[in-house]
Structures are given as C-alpha cells and as structure tokens.
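Keep in mind that this is a model prediction, so the values were computed, not measured. Order of listing sets the numbers, starting from 1, for every ligand and every atom in it.
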Amino acid sequence: MIIVKREEEIKKMREAGRITALILREVAEMVKPGVSAYELNEHAERRLAELKAAPAFKNYPHPSGGKKYPASLCVSVNEEVVHGIPTKDKLLREGDIVSLDFGAFKNGYYGDSALTVGIEPLSSRKKQLIKTTEEALYQGIKKAVAGARLGDISHAIQTYVERRGFSVVRDFAGHGIGTHLHEEPQVPNFGIPGRGPLLEERMTIAIEPMVNMGNWRVRVKTDGWTVVTVDGLPSAHFEHTVVIRDGEAEILTVVD
Ligand code: MF3
Ligand code: CO
C-alpha cells in the first residue's frame, strides 16, 4: 500500500528534507583531491548532531539480512554505483566522479538525496554522464504529478538516459519514503508509460536514477555493500525526495 501523507506530516518531511539537502551540500563542497571519504562522513555526522537529527543510513540492515550499514553517508567513486563505504583509505583524486548519498531523520520522518560531483580535470564523457543523470532525475520529477502512473516516471528517466548512449541500473530503484526510509512503491529507473500505480497528491517518493557509462550490469563487492559496475566503467547517481502534487511535484530535499 502506498501511504498518502497529511499536510502536517509533509511539513515535518520538509524539515527532514531541508537538513538532508543542507548537509549534502556541505559535504559536496568538501570534495577535493586528497580528502578522504571518511572525513566527509565525519562532517555529516557532526552536522546531524548540531541540527538535532539522526542519520537515515547508519545501522540500516542489509536487505539480504545481517550486516548493518556502517556509516551515515554513502561515498561511491567512479565504477562504484551506490552504497560505497566512507573509509579512511578512500582518498579522492583528480578525475574522479564522486557520488554522495545522504539521508536525515528528524521528528519521525526521513529525507533522502544524492548527487555526483566531479573533480577537475574531468573527461568530457564523465561530465556528460553527470549532467545526463541529473537531468534524468528532473525528467522523472516532471512526471511525478497527480493522475500520472509510476511507469511514466520510470520511462521518462530511461528514455532520457538511453538516448544519450548511457544505461540505467536495473537492480536498484527509488522508493516511497516517510516514517520509513523505504516504503512502497519501488520506483524503477526503467519502465512502461501508463503502467503501474496511479500517483496521488501527497504521496512521497524518492526518485534516484543510477546511470552507467557502459552497460547496466552491477555486482556487490565482498564488503557486502558497495555496488560496482561489472564492466568497470563509471556510474553517476542523483536523488531527491519529492511530494506528488497536482501540476508539479514539490521537491523536499532543498535548502529553503
Ligand atoms: N539512497 C539509498 C537508498 O535509498 C541509500 C541507502 S544506504 C543504506 O537505498 F545503507 F541505508 F542502505
Ligand atoms: Co534512496
């Protein structure tokens, strides 16, 4: 069942979304050669404490049971797609593309957002990959309106990406979000227009295209979390938490 929120709940989600966006922006600005992923996570955790919010990802149980996610920020570099662990030895370098995925929990509600930044000098293909993934997210958000179907979002993302010669990851998807980080429905980045559940005003979903430069195949590394491309080519990721509205979606993971 897809939960339709009340406006008073959406107000709380706006606050969770604002904190998520603020901290994500701060860590994105820290991305420089020589900085470790560990430092980015440390900053995010310090800021969460200052803003009296909790991490959305820390200790999140792995979907296949068992292991819990060990950090508050996911840092996925180059061929890493999502869920990269921010270790001390993960040092950022020139030419890297760095996907940052972050979520905050505040007053009972979650925010979830991601972005990818490149460290200059960057190949033009990597720049194109980042730009295409970000724009694919906005193409999806454009379809996130009352009266549309979930497949309209998925299809818009897929066609935008594939027309530019890139591919969408199939094994991971966006999701409903609210009092839980992951709620129904799953929001795949590929699909058929006019199919799937009807979108209603005040449903809240996280849309998150993961886009590969090569083919869509991915695998999980032996750390149990880090998703990488099978072909070793880079991948980018952008995500916003949004509210379905009449006419135009409201993006929650923004700073005022
Ligand atoms: N945005 C990601 C997701 O929705 C982040 C999850 S990291 C995890 O799946 F550790 F919480 F799984
Ligand atoms: Co998400």
Side-chain angles (χ1 to χ4, degrees), residues 2-3 13 16-17 19-21 23-25 27-28 37-38 40-41 44-45 48 53-77 80-87 90 98-106 109-117 133-134 136-138 140-141 144 150 153-154 157 168-189 203-211 218-221 223-228 235-244 249 251-254:
I2 305 177
I3 303 163
M13 290 187 72
I19 291 169
T20 300
I23 296 175
L24 183 59
R25 189 175 73 179
V27 292
Y38 183 88
L40 302 181
N41 181 68
E45 294 194 348
L48 278 169
F57 304 162
K58 198 161 189 168
N59 298 321
Y60 191 86
H62 195 279
S64 69
K67 270 175 108 176
K68 294 173 165 141
Y69 192 73
S72 301
L73 175 74
C74 303
V75 182
S76 309
V77 182
E80 296 175 348
V81 180
V82 286
H83 306 164
I85 297 170
T87 53
K90 193 179 276 188
V98 184
S99 297
L100 304 169
D101 189 350
F102 182 68
F105 180 72
K106 176 83 176 178
Y109 291 85
Y110 285 93
D112 188 5
S113 187
L115 52 76
T116 301
V117 287
T133 309
E134 181 170 27
L137 169 60
Y138 288 101
I141 291 173
L150 192 69
I153 298 175
S154 305
I157 292 169
V168 290
V169 171
R170 313 242 165 164
D171 305 19
F172 296 87
H175 48 92
I177 180 169
T179 58
H180 298 269
L181 176 61
H182 295 137
E183 296 181 355
E184 282 183 47
Q186 282 207 79
V187 184
N189 295 304
M203 288 175 171
T204 47
I205 59 173
I207 304 175
E208 50 179 314
M210 289 148 267
V211 176
V218 299
R219 65 178 176 87
V220 179
K221 287 182 76 171
D223 64 16
W225 282 102
T226 310
V227 178
V228 292
S235 184
H237 182 208
F238 279 83
E239 175 177 22
H240 271 310
T241 299
V242 308
V243 188
I244 306 297
I251 302 176
L252 295 178
T253 38
V254 287

key: Enumerated ligand 1 atoms positioned under 4.0 Å from heavy atoms of Cys74   = 7 (S)

message = With a 4.5 Å cut-off on side-chain heavy atoms, are Tyr69 and Asn59 touching?
response = no

remark   = The atom name of the N, O or S atom in Glu239 nearest to the Co ion (ligand 2) is OE2

task = Find the distance between OG1 (Thr253) and NE2 (His240) and round it off to the nearest 0.5 Å.
result = 5.0 Å

ask   = Does some side-chain heavy atom of Thr20 sit less than 4.5 Å from a side-chain heavy atom of Asp112?
value = no

ask   = With a cut-off of 2.8 Å, does any N, O or S atom of His175 fall short of it relative to the Co ion (ligand 2)?
value = yes

query = Would one find an N or O of Glu208, backbone or side chain, under 3.5 Å from an N or O of ligand 1?
reply = yes

inquiry  = If you define the side chain from C-beta out and look only at heavy atoms, does anything of Glu208 sit under 4.5 Å from Asp101?
reply    = yes

key: Heavy-atom side-chain proximity of Thr116 to Val98 below 4.5 angstrom   = no

Atom 2 (C) of ligand 1 [closest protein heavy-atom partner, distance rounded to 0.1 Å] = Asp101 OD2, 3.1 Å

message = At under 4.0 Å between heavy atoms, is it the side chain or the backbone of His62 that contacts ligand 1, or both, or neither?
response = neither

query = Given OD2 of Asp112 on one side and OE2 of Glu208 on the other, what angle do they make at the Co ion (ligand 2), to 10°?
reply = 170°

inquiry  = Please list, in number order, the atoms of ligand 1 under 4.0 Å from a heavy atom of Tyr69.
reply    = 10 (F)

ask   = Quick one: does His182 get within less than 4.0 Å of ligand 1, heavy atoms only?
value = yes

ask   = Checking Ser99 side chain against Ala236 main chain: does a donor-acceptor pair fall under 3.5 Å?
value = no

key: Flag side-chain contact, heavy atom, 4.5 Å: His182 against Ile177   = no

remark   = ligand 1 to Glu239, heavy atom cutoff 4.0 Å, flagged ligand atoms 1 (N)

query = Side chains of Ser72 and Glu45: is there a donor and an acceptor less than 3.5 Å apart?
reply = yes

query = Given Phe172, Phe57, Trp225, Tyr110, which has its nearest heavy atom closest to atom 12 (F) of ligand 1?
reply = Trp225

